[in-house]
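These notes are about the structure you will find just below.
Throughout, a chain's letter reflects where its sequence line sits, starting with A, and its residues are numbered from 1.
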There are 2 protein chains.
Amino acid sequence: METKRNKMKMMTLDQMKDQHIGEIGTEERNKYEFDLRLDILGEMIKSVRKERHLTQEQLGELIGVQKSQISKLEKSAKNVTIETILKVFRALEANIKFSVEMNDSEFKVA
Amino acid sequence: METKRNKMKMMTLDQMKDQHIGEIGTEERNKYEFDLRLDILGEMIKSVRKERHLTQEQLGELIGVQKSQISKLEKSAKNVTIETILKVFRALEANIKFSVEMNDSEFKVA
DNA sequence: GAATAAGTTTCTATATATTGAAACATTTGA
DNA sequence: TCAAATGTTTCAATATATAGAAACTTATTC
């Protein structure tokens, strides 16, 4: 029996944004920075679920909800509670991390 | 007028956990890993707010809510929507990042 | 092409997040 | 020590998240 060992995979929002829009600094990227942040969590859920080779229904069973809830989460996770997010990622055996970055705009062009 | 330029400060959940419980690997840390994750966002809000030298009332004004809402958020952000979290951190001029870490337990001790 | 699997949307019901206001508690500054 | 500033808690009201079920749509398989 082949032991399949997946290395730790760190996938960030930024990586997914790179795929979808462009790299940091591009105008396209800045334009959608905030709005996409609201949607990207759902895509992260979907991405990890597929990585785990699970259907929405299977993931739903892991959590104890119907597949329609998974579908809704994946389509838009912007108005979802932290607890729900954590519940999903825990079922997917993935850790989600929050990190805060303080940014001061020295250039206050008014 | 002195130009005050703060460098980028990256503060993660893990850093805050180190302060509160202990470093990664300690039994204490693992024991509370999940529960604390639900509470730590509130403390991050508070921490950043103080970093900005704002009262809860002032932060509330920035967002358009009363100070009591800020107090409640800081006390417990575990059942808060992503959108609310983002709204707060945006008012604090801080970026919050979500990163997902896939972890496979090769050692399935059953 | 047909059947099945998988995912999405809509509707309704229930649970819960968000909010203001006010009372209360703690902290701070002089 | 005291008053003001700041933060917390409670209550009630409103908005919204969560959920199931079913119909619908899309993707996949043979």
Quick one: B/E43 CD to D/dG7 P, roughly how many Å, whole number?
15 Å

Could you pull out the closest heavy-atom pair between B/Q58 and B/L54, with the gap in Å?
OE1-CA, 3.2 Å

Using the rule side chain to side chain contact (heavy atoms under 4.5 Å, CB included), only one of B/R49, B/M44, B/E43, B/Q69 pairs with B/E74; which is it?
B/R49

Without decimals, in angstroms, what is the distance between A/I82 CD1 and D/dA17 P?
13 Å

NA contact type, A/S68, heavy-atom cut-off 4.0 Å: base, sugar-phosphate, or nothing?
base

Provide, to the nearest angstrom, the distance between the CD atom belonging to B/Q56 and the P atom belonging to C/dT26.
15 Å

Can you measure A/E83 atom CD to C/dT16 atom P for me and round it to whole angstrom units?
10 Å

Residue A/S71, side-chain heavy atoms: nucleotide from C/dG7, C/dT18, D/dG20 that is nearest
C/dG7

Do you know which two heavy atoms are closest between B/A77 and B/G42, and how far apart they sit?
CB-N, 3.6 Å

So does B/R49 get a side-chain nitrogen or oxygen closer than 4.0 Å to the phosphate oxygens (OP1/OP2) of D/dT6?
no

Could you check which of D/dA17, D/dG20, D/dT6 has an atom nearest any side-chain atom of B/T55?
D/dT6

When you measure only distances, ignoring hydrogens and angles, does the side chain of B/Q69 come within 3.5 Å of the base of C/dG20 through a donor and an acceptor?
yes

Minimum-distance nucleotide (side-chain atoms of B/K87 versus C/dT19, C/dA6, C/dA17):
C/dT19

B/K75 NZ to D/dT6 P, in whole Å, measures 18 Å

With a 4.0 Å cut-off on heavy atoms, is A/G60 in touch with a base, just the backbone sugar-phosphate, or nothing at all?
nothing

Side chain to side chain donor-acceptor pair (under 3.5 Å) partners of A/S71, counting only residues at least two apart
none

Rounded to the Å, how far apart are B/E57 CD and C/dT28 P?
17 Å

Let me know the distance between NE2 of B/H53 and P of D/dG7, rounded to the nearest Å.
13 Å

Can a side chain N or O of A/K72 be found less than 4.0 Å away from OP1 or OP2 on D/dA21?
no

Taking D/dG7, C/dT8, C/dT18 as options, the one with an atom nearest any side-chain atom of B/K67 is D/dG7

Tell me whether the OP1 or OP2 atom of C/dA17 has a side-chain N or O from B/T84 closer than 4.0 Å.
no

Of all the heavy-atom pairs spanning B/L62 and B/A91, show the shortest one and how long it is.
CD1-O, 3.6 Å

Once you round it to whole Å, what is the distance between P of C/dT19 and CD of B/E74?
14 Å

Which residue lies toward the 5' end of DNA chain D, B/I70 or B/T81, if each is placed at its nearest nucleotide?
B/I70

Contact under 4.0 Å: A/N79 side-chain N or O vs D/dT16 OP1/OP2:
no

